[in-house]
Amino acid sequence: MKDYLRSILRSALKQFDLSEEELPDIQIEKPNQPGHGDSASNIALNLSSVLKTNPRSIAEEIVQKLEYDPKKIKAVEIAGPGFINFRYAEDYLYDELQHVLKQGRDFGKTATLSGNRILIEFVSANPTGPLTVGHGRNAVLGDTVARLLEWTGAEVDREYYFNNAGRQMRILGQSVRARYLQELGREAALPEDGYEGEYISEIARSLVEEHGESLLNVDDTTAFKEKAEQLIFEEIQATLQRMNIRMDSFFNEQEVYDDGSIEKVIETFRKQDLAYDKDGATWFRTTRFGKDKDTVLIKSSGEPTYRLPDIAYHANKLDRGYNQCIDVFGADHIDTYPDVLSGIEALGYDRSRVDVIVYQFVTIVKEGKPFKMSTRKANFITLDELMDEVGPDITRFFFLMRAPNTHLEFDVAEAKAEGEKNPVFYLQYAHARIHSILRKVEQEYAFEDAPELERLTHESEKKLIKSIIRFPEMIQSAAESREPHRMINYLDDLASHFTSFYHDCRILGEKEQLVQARTVLAEATARVLANGLTILGISAPEQM
RNA sequence: GCGCCCGUAGCUCAACUGGAUAGAGCAACGGCCUUCUAAGCCGUAGGUUACAGGUUCGACUCCUGUCGGGCGUACCA
């Protein structure tokens, strides 16, 4: 519908004396006030500065020249300072409603991004411990944005980037070794900054089981590190799977060392005088990109900082034929990404091909109090513990509920509450309730003729239809903005329109044609709820 | 100090990327169950959108400044 309105407005505007540049984008939006129609355009207001006339008379002129299909648009009005308001024709609503059932599981899919190959990188937690709630927001955001993009026609791959070398992993190996020795009754101290979590002891115990005392005199921590990595990764994957997330690939940072791309990056930078040596280290001239300090790429110890492989990794992603890469990371990493962008730009890539979703921190609220966490200290809530308490559906929902770029308060008590307080149930309940009715309809009726949708004339029925058919546009806007919470807000609104309809209009016990028409409406609602919940990765039960 | 993000009803948050009278959910108050799931519906109350300026037909949204909170500001990841 938006496209249709844009096209008829555009042809009306052709009759004005305007150049292409003077013509502003035609915006179509859904007015807040129902009295203002179903769609509205502010085009006349935007044109008033160009044409130097008052917007109302421009609107009048546009409307005069407007040609539209009465099967789609019932009325066009000018209101307020110069808005053009459109009211949809009933026929249009009924036609669209038919489509919903015809398309079924695919209703909502568009081809907006078809032909695009997108790589979305998320979670990317190093295997030093179980996933925590902080990773949870990352994981769910990344996966859901991926689903949204898939629904708009893009081909999306999910990738997990990790590093199993470096200091943290060394300390991990040392920590496991210390616990292993302790398990066997030997004296051993955790290294400084060692990992204190109980899972370290579990890894140590499984080493005791496998190798008995044979590792007692092994000073090298490699065996401990590798076992830890293996077990922790298994656990991470199990956790992700439990959250309904499947990665397409895992990328080890080591690869960009092994294939020589690290050196290539440095070389290319040097050629452009973007890299230089100072104090035994190699620096990236980030000042040239507007930063007030240059950045170390290779420490004087000879070890690269994480920025260097990060740049090489992004180049690698773009080289693999993705036209767009999306990274998901927490606010604490915000400083690194301008350097990565500068880096790939220096390598000759268009920086707009890398896009970033930054999310703010999660505060877990337990018993009314916020809970501060740190992975290294044993003081954290794992994602698994959270899912043990509230289940995967609610976990996903709560992480998606808020705009990414705002702090998220996850109130465990609220999440655990049955019904009333809990927004997830509201959606699932509406869905289950519809299916309960559909089961009864199936038992009692056998419709033979095509449904007469024009019998849906009640105000609540029409509002519900309008809400339903907005779904595809909703997906597009959530995908484009990378803000899954919009989908939640929409579904909530849809469910609320349904329950109003449910209270105003009965389905069973009415005249057969009306039963049939309302059944179609209910079915379409359930369809959209189910499709929407699928995008969110949340189940849509038919019974509760 | 500097950089990024945030500040909206008592609490947690929306507001379609600059649109018309700022909306939901909890919490409070008042109604609604011999009829399709009351895990629900309807209503009342609650606001100078932190504050002060500016930009324009129009600002919660953009710009400047102030105050308050979070994160970063490493040859850690």
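Just so we're on the same page: letters track the sequence lines, and every chain starts at 1. Being a predicted model, the structure only gives us computed values, none of them experimental.
Using cut-offs of 30° and 60° for the angle between ring planes, the A:Trp283 and A:Tyr276 rings count as parallel.
For A:Arg433, a side-chain nitrogen or oxygen approaches OP1 or OP2 of B:rA38 to under 4.0 Å. In this structure, A:Ser500 does not reach the B:rC41 phosphate: none of its side-chain N or O atoms is under 4.0 Å from OP1 or OP2. Phosphate proximity of B:rC75 to A:Thr305: absent, as no side-chain N or O sits under 4.0 Å from OP1 or OP2.
A:Lys293 comes within contact range of the sugar-phosphate backbone alone, with a heavy-atom separation under 4.0 Å but no base atom that close. When heavy atoms are screened at a 4.0 angstrom cut-off, A:His333 is found touching base atoms of the nucleic acid.
Secondary-structure annotation of RNA chain B gives the stems B:1-7 with B:67-73, B:10-13 with B:23-26, B:28-32 with B:40-44, B:50-54 with B:62-66, with a stem taken as at least 3 successive Watson-Crick or G-U pairs whose two distances both fall under 3.5 Å.
For B:rA77, its base sits under 3.5 Å from the side chain of A:Tyr306 at one donor and acceptor pair at least. Looking at A:Asp492, its side chain has no donor and acceptor atom pair within 3.5 Å of the base of B:rA14. In terms of polar N and O atoms assigned as donor or acceptor, the side chain of A:Ser300 comes within less than 3.5 Å of the base of B:rC75 in a complementary pairing. No donor-acceptor contact under 3.5 Å links the side chain of A:Asp332 to the base of B:rG72.
Enclosure of atom OH in A:Tyr4 by more than 12 non-hydrogen atoms of other residues, nucleotides or ligands within 6.0 angstrom is indicated.
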